[in-house]
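Everything on this sheet refers to the single structure shown next.
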Amino acid sequence: MKSTCQICGSTEWHDLPDPHPVQSVTTAGRIVKQPLGKSQCAKCGFLQRVRAEFLGYSDYYEKDYATYYNRPGTTQFHRRRYSTMVEWIRTVLKSAPKRILDAGCGQGWAMEAMRDLFPHAVIEGLDPSSHNVSVAREKGFVVYEGRLGDVELSRSGYDLVISTNVIQHVTDARQFIGHLKKIVTNDGTIVITCPDGSLPNVELLWSDQNFSFLPVHLVDLCKGIGFESVRWSESPRSPALPPSQMVVLSAKEHASSGAATDTSVRPSLPDVLRRRCEYLQAFSLVQEHILREVSPFSVVFNLGASYWSSVLAAYCPSYWEKVDSCLVDNLEDATGSFLGKPVRLMNSNVTRENAVIVLGTSPAGHASLVPRLKESWVHVVAWDQFVPF
């Protein structure tokens with residue numbers, strides 16, 4: 001049976017190349033024995049994972065997703081990220097909310113940022129992971145455990161419901177928004193954020209992200225559910241946020257403030273497909289480049305133990321086999337292992353004789369990192385020339 005596009009209902013697809021034929025990586029840094037399996041709808045350009053089963057049909061979010069928050073540097077990363085995101089949300093609200101629900105709250109990072117902005121509001125959360133729920137409750141929040149639609153929430157309703165970077169993970173995007181609509185008050189507002197799929201970026205690489213939304217897809221989906229006001233905005237330019245988009249939904253036209261961006265211009269779907277294919281194919285070039293650069297050295301260090309390092313582990317496995325250790329900057333992060341490699345402190349007593357360090361970090365930062373590292377490392381390998389950012 002052919003998969004159906006969740007935006008337009010078409011069953012015709014253009015398959016995207018898999019960066020690895022039999023494995024992929026999740027946002028939680030778990031390598032799964034399934035290809036990435038993503039395809040672009042031939043009719044509307046929506047990207048959907050159609051050649052592998054959605055991980056949301058398993059207990060992945062209940063049992064495995066907590067590791068998303070357990071990587072080195074997590075505290076600093078999420079505090080900065082969610083503070084920026086919640087400040088962005090604040091700019092589209094007409095007034096201070098009184099009752100807030102964070103649908104897919106994780107360990108409560110967005111709720112903490114909301115509490116700083118709206119100290120008098122009641123703030124509650126919902127998440128399927130018992131571990132994440134426990135951590136968020138320790139921060140003083142009422143948090144419901146389970147998936148949206150399966151859990152009875154407060155009967156008082158919420159005048160603001162937020163969902164940050166969740167919709168691309170769900171199994172049914174239309175149903176998900178419908179559930180959000182049921183729990184917001186008649187004069188309340190729903191804010192949904194997710195990656196912006198207009199230009200290929202890291203969100204394409206995760207096998208637990210089932211969808212990639214162009215702005216027109218997100219707006220069309222929400223309009224089809226019957227909201228009177230559907231407003232779209234682009235994320236602020238910030239190193240704390242990858243390219244993101246937001247829709248602000250309400251049953252009343254005047255519920256939100258700020259100027260909405262026009263999303264009526266539809267991009268060239270062949271161009272979108274070409275760019276996506278080139279992005280995914282680039283990782284074979286990345287691996288070839290890294291292997292060539294490290295071949296003269298007996299010791300190979302990987303800088304980092306987070307997002308991009310897991311991408312290299314999954315999609316450049318021949319390189320990853322050669323890695324001796326992952327190096328990190330902070331002492332509190334230099335514990336344990338990361339995808340089978342020991343994690344060590346950068347300034348610890350690591351040998352630099354006949355050693356090379358490969359950047360396992362975002363390509364957006366390679367140009368600034370290389371000169372700094374070359375002050376103490378003779379051989380540094382970057383690969384940002386292969387992956388657009």
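Computed from a prediction, not measured in an experiment: that's the story for all the values here. Each residue takes its place number in the sequence, starting with 1.
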Salt bridge between [X] and [Y], side-chain N to carboxylate O under 4.0 Å?
X      : Y      : result
Lys43  : Glu12  : no
Lys341 : Asp324 : no
Asp18  : Arg51  : yes
Glu288 : Arg292 : no
Glu62  : Arg147 : yes

Keeping the roles fixed (side chain from His379, backbone from Lys374), state whether a donor-acceptor pair exists under 3.5 Å.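 No, His379 side chain to Lys374 backbone: no donor-acceptor pair under 3.5 Å.
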
Take the angle between the ring planes of Tyr61 and His169 and call it parallel below 30°, perpendicular above 60°, tilted in between.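 Perpendicular: the ring planes of Tyr61 and His169 meet at over 60°.
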
Kindly assign one of parallel, tilted or perpendicular to the pair Trp308 and Phe283, based on the angle between their ring planes and the thresholds 30° and 60°.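 Correct class here is parallel.
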
Return the OH to OG distance between Tyr315 and Ser284, rounded to the nearest 0.5 Å. 13.5 Å

Please report the C-alpha distance between Val248 and Met246 in whole Å, then the side-chain angles of each, then the deciding distance to 0.1 Å, and finally whether the side chain to side chain contact (heavy atoms under 4.5 Å, CB included) criterion is met. CA-CA 7 Å; Val248 184; Met246 174 195 295; 3.8 Å; yes

Gly45 to Leu269 - nearest heavy-atom pair and separation: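 Smallest interatomic distance, heavy atoms only, reads N-CD1, 3.6 Å.
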
Taking C-beta and beyond as the side chain, do Leu327 and Trp377 meet within less than 4.5 Å on heavy atoms?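 A side-chain contact under 4.5 Å exists here.
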
Can you check whether Val328 reaches Met346 side chain to side chain, under 4.5 Å on heavy atoms?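 Side-chain contact under 4.5 Å: no.
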
Quick one: is the NZ or CZ of Lys139 closer than 6.0 Å to the six-membered ring centre of Trp109, and within 45° of its axis?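 Geometry flag: set, cation within 6.0 Å and 45°.
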
Using the rule given for side chain to side chain contact (heavy atoms under 4.5 Å, CB included), can you reason through Arg344 versus Val350, listing the C-alpha separation, both sets of side-chain angles and the distance that settles it, and then say yes or no? CA-CA 8 Å; Arg344 302 171 64 184; Val350 296; 3.2 Å; yes

